[in-house]
K.L.:
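Please find one structure pasted underneath; my questions will follow.
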Amino acid sequence: MYLADSRGTGVTAAPDPGPGRRPAAVPATVLALGAVSLVTDVSSEMVTAVLPLYVVAGLGLSPLGFGLLDGINNGVGALVRLAGGHLADGGGRRHKTVAGLGYALSALCKPLLLLAHTLPVISAVLAADRTGKGLRTAPRDAMISLATEPRYRGRAFGVHRAMDTTGALLGPLVAFAVLRATVDGYDAVFAVSGCVALLGVLVLVLFVPGHIATAPAPATTAPGRPVPSPEPARPTLRDAVGLLRRPELRALTLCATLLGLTTVSDSFLYLLLQREGDLPVHLFPLLPLGTAAVFLLLALPLGALADRAGRRRLFLAGHGVLLLGYGLVLSPWHGAPAVLAVLVLHGTFYAATDGVLAAATAAAVPARHQGAGQALVGTGQALARFACSLAFGAAWGLWGGRTALAVTAGALAVSAVVAAFVLRPVPEVSP
């Protein structure tokens with residue numbers, strides 16, 4: 001077994017590959033989980049690509065009503081993330097079991113959208129779907145962290161996010177094809193999405209290992225004679241919440257939350273781009289492709305860069321790129337080239353922040369608390385984005401989309417400065 005930290009933390013992260021063999025930078029477990037995420041994201045992004053147009057143009061909901069739906073889509077899962085992360089840290093096969101329950105719940109929700117034609121019903125279905133996402137996210141990221149050597153975690157998360165984003169790239173294409181080929185396009189999109197989601201659950205069951213091997217670091221009573229350390233007690237919920245006493249994790253959670261409060265959701269950004277660029281309605285599902293393509297191309301190189309240059313530093317730089325994207329939307333430059341430029345910046349933002357934040361979190365908590373640690377940071381970020389969706393939807397209804405984005409851009413600039421101050425004195429080291 002190789003140690004998670006050279007000083008000895010009492011935890012190991014993955015099996016040793018054997019004498020004379022170098023540990024894989026990207027283990028097979030990460031690739032299997034990436035395949036699950038790829039298939040699942042095809043399903044999820046099919047719905048995400050058409051949902052804004054469906055509820056605003058199809059059902060006639062106001063921007064505030066859509067803000068509520070979008071907030072649910074991004075924030076309700078946060079209410080169960082802590083529980084999911086804590087349950088997954090119980091040991092044995094719990095990581096895969098809890099993640100599997102989350103994937104299955106989301107898969108079952110997709111066909112229910114066929115019956116949802118009012119705001120309360122759509123809200124309830126989205127809440128259940130995001131509950132599934134909340135259950136699975138922390139255990140999935142914990143499995144990636146535990147299976148990967150600490151110095152390669154940025155790269156491993158980059159590979160996973162690249163595979164995940166391949167699904168995000170294919171999802172809108174499938175939705176676009178279904179809309180063009182069917183009469184009742186929205187219903188057909190929801191039906192196909194449900195079938196694809198079930199396939200993702202099947203891939204998880206068949207190809208993801210049921211247990212990620214970890215063991216305590218060896219203690220020695222004499223040179224060269226290791227003796228096993230006692231098995232640590234099962235983590236309690238108080239232990240999970242108590243992780244915030246760790247300065248590095250507390251700083252990450254605070255900054256992820258602060259910056260999440262000023263991160264406009266993808267759906268609102270795409271609606272603004274469609275209106276500002278006068279794009280035909282049938283091209284709207286293709287807008288996420290630009291973001292996904294750039295994310296796919298940059299996730300691995302930026303993940304590897306984060307391992308060398310510092311994960312928190314790149315996380316902050318990614319939000320600087322997002323701020324540039326906001327400025328470009330507000331600029332007098334319009335048309336297809338401007339839309340493409342915004343999508344490039346948007347994809348770069350995700351490549352520099354999504355997997356990078358998870359890798360930074362993994363370095364801030366012990367292996368036995370990986371699920372809870374990922375859940376704490378993810379919960380703060382998700383709740384903040386939920387609040388941002390509600391506030392942005394209300395501001396759009398009162399002042400218009402451009403004014404709402406201008407206020408958000410100013411708040412993001414201030415938040416980035418505060419986050420840089422909070423993160424600067426905290427050393428990024430494995431526990």
K.L.:
Taking the side chain as every heavy atom from C-beta outward, state whether Asp41 and Met163 have any pair of such atoms under 4.5 Å apart.
P.N.:
no
K.L.:
In a check of side chain to side chain contact (heavy atoms under 4.5 Å, CB included) between Cys109 and each of Leu126, Val125, Thr131, which one passes?
P.N.:
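It is Val125, the one option of Leu126, Val125, Thr131 that forms the side chain to side chain contact (heavy atoms under 4.5 Å, CB included) with Cys109.
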K.L.:
I'd like to know if Arg155 pairs up with Asp307 as an ion pair, taking the criterion as any Lys NZ or Arg NE/NH1/NH2 lying under 4.0 Å from an Asp or Glu carboxylate oxygen.
P.N.:
no
K.L.:
Can you tell if the side chain of Leu271 reaches within under 4.5 Å of the side chain of Trp396, non-hydrogen atoms only?
P.N.:
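The answer is yes; the side chains approach within 4.5 Å.
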K.L.:
What's the spacing between Thr353 OG1 and Arg311 CZ if we round to 0.5 Å?
P.N.:
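Between Thr353 OG1 and Arg311 CZ, I get 15.0 Å after rounding to 0.5 Å.
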K.L.:
Under 3.5 Å, is there a donor on one side chain and an acceptor on the other for His160 and Asp141?
P.N.:
no
K.L.:
ring-ring contact (aromatic ring centres under 6.0 Å, His included) with His319: which of Tyr326, Tyr350, Phe349?
P.N.:
Phe349
K.L.:
Regarding Ser193 and Ser43, do their side chains bring together a donor and an acceptor under 3.5 Å, going by distance alone?
P.N.:
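The answer is yes; a qualifying pair exists.
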K.L.:
State whether Lys110 and Asp129 are salt-bridged, where the test is any N-O pair (Lys NZ or Arg NE/NH1/NH2 against Asp/Glu carboxylate O) under 4.0 Å.
P.N.:
yes
K.L.:
Got a second to check how far Ser267's OG is from Tyr270's OH, nearest 0.5 Å?
P.N.:
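So the gap between those two atoms works out to 8.0 Å.
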K.L.:
Using a 4.5 Å cut-off on heavy atoms from C-beta on, say whether the side chain of Thr257 contacts that of Gln381.
P.N.:
no
K.L.:
Determine whether Thr262 and Phe392 make a side-chain contact, defined as any pair of heavy atoms from C-beta on separated by less than 4.5 Å.
P.N.:
no
